[in-house]
Peer 1: 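Mind looking over this structure? Questions follow.
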There are 2 protein chains.
Amino acid sequence: MKYRGKVVVTLKSGVFDPQGVTIKNALHSLSFESVEEVKTGKFFEVLFDAENDAEAEKLLEAMCHQLLANPIIEDFDFSLEKVK
Amino acid sequence: MKYRGKVVVTLKSGVFDPQGVTIKNALHSLSFESVEEVKTGKFFEVLFDAENDAEAEKLLEAMCHQLLANPIIEDFDFSLEKVK
């Protein structure tokens with residue numbers, strides 16, 4: 001079966017996010033003064049085959065741990081959907 | 001009222017994603033052979049104030065159009081939640 005995993009990788013809290021600060025300042029200069037904080041992260045969409053839902057979840061989790069997210073400074077979250 | 005917007009920015013279909021190809025090849029070399037395609041994108045979490053839901057949606061949409069997404073090659077999608 002084919003699955004589509006949508007993965008969001010963000011910095012762990014406490015890890016400084018200079019890109020987020022830069023974007024917040026840029027938004028302020030574009031007159032979005034009400035912006036208090038911006039956090040940045042990565043998004044991946046992975047199309048892959050798996051026997052069943054359990055295996056799909058296990059595979060995507062392993063992909064995140066081994067490559068898509070840096071376990072030292074990043075957290076990840078994902079959703080899975082079957083593809084017809 | 002305080003809102004948290006979660007924004008996902010992805011490349012428009014048809015736009016070449018070299019990073020996605022590189023990640024797919026890396027996943028294959030890590031024995032995730034069943035991966036067919038990887039698409040990459042950006043994720044932003046924006047904490048900001050707005051009068052009401054409608055204004056929050058309008059503000060976040062404008063932030064995406066003006067800064068967070070490049071309208072020529074990128075699409076964006078977002079969700080909004082009130083922050084207590």
Peer 1: Taking side chain as C-beta onward, heavy atoms only, is B:T10 less than 4.5 Å from A:F43?
Peer 2: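 Contact flag for B:T10/A:F43 side chains = yes.
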
Peer 1: Check the pair B:V46, A:K24 against side-chain contact (heavy atoms from CB on, under 4.5 Å), reporting the backbone distance first and the verdict last.
Peer 2: CA-CA 9 Å; B:V46 185; A:K24 183 185 78 169; over 6 Å; no

Peer 1: In Å, rounded to the nearest 0.5 Å, how long is the span from CD of B:E36 to CG of A:L47?
Peer 2: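 Reported to 0.5 Å precision, the distance equals 4.5 Å.
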
Peer 1: Run B:F44 and A:I23 through side-chain contact (heavy atoms from CB on, under 4.5 Å) and show every step you take.
Peer 2: CA-CA 10 Å; B:F44 301 101; A:I23 291 169; 3.4 Å; yes

Peer 1: Does a sphere of radius 6.0 Å around NZ in B:K58 hold more than 12 heavy atoms from other residues, nucleotides or ligands, not counting ones at 6.0 Å or beyond?
Peer 2: no

Peer 1: If hydrophobic clusters are built from ILVMFWY residues whose side chains come within less than 4.5 Å, do A:V38 and B:Y3 share one?
Peer 2: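 Yes, it is one cluster - the side chains of A:V38 and B:Y3 are joined through contacts under 4.5 Å.
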
Peer 1: Any chain of hydrophobic side-chain contacts (each under 4.5 Å) joining A:V21 to A:L27?
Peer 2: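 The answer is no; the residues belong to distinct hydrophobic clusters.
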
Peer 1: Could you measure the distance from the CE atom of A:M1 to the OG atom of B:S34? Nearest 0.5 Å is fine.
Peer 2: 12.0 Å

Peer 1: Is there a chain of hydrophobic side chains (I, L, V, M, F, W, Y, each step under 4.5 Å between heavy atoms) that links B:V9 to A:V8?
Peer 2: no

Peer 1: Between A:E45, A:K6, A:Q19, A:E33, which shows the greatest number of heavy-atom pairs under 4.5 Å with chain B?
Peer 2: A:E45

Peer 1: Can you tell me how far apart NZ (B:K39) and CZ (A:R4) are? Round to the nearest 0.5 Å.
Peer 2: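 B:K39 atom NZ to A:R4 atom CZ measures 6.0 Å (nearest 0.5 Å).
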
Peer 1: Count I, L, V, M, F, W, Y as connected when their side-chain heavy atoms are under 4.5 Å apart, and connections chain through other members. Are A:L30 and B:L68 then in the same cluster?
Peer 2: yes

Peer 1: Out of curiosity, does A:F78 fall in the hydrophobic cluster containing B:V7 (side-chain heavy atoms, cut-off under 4.5 Å, transitive links)?
Peer 2: no

Peer 1: Nearest 0.5 Å please: distance from the CZ atom of A:F32 over to the CG atom of B:L60.
Peer 2: 9.0 Å

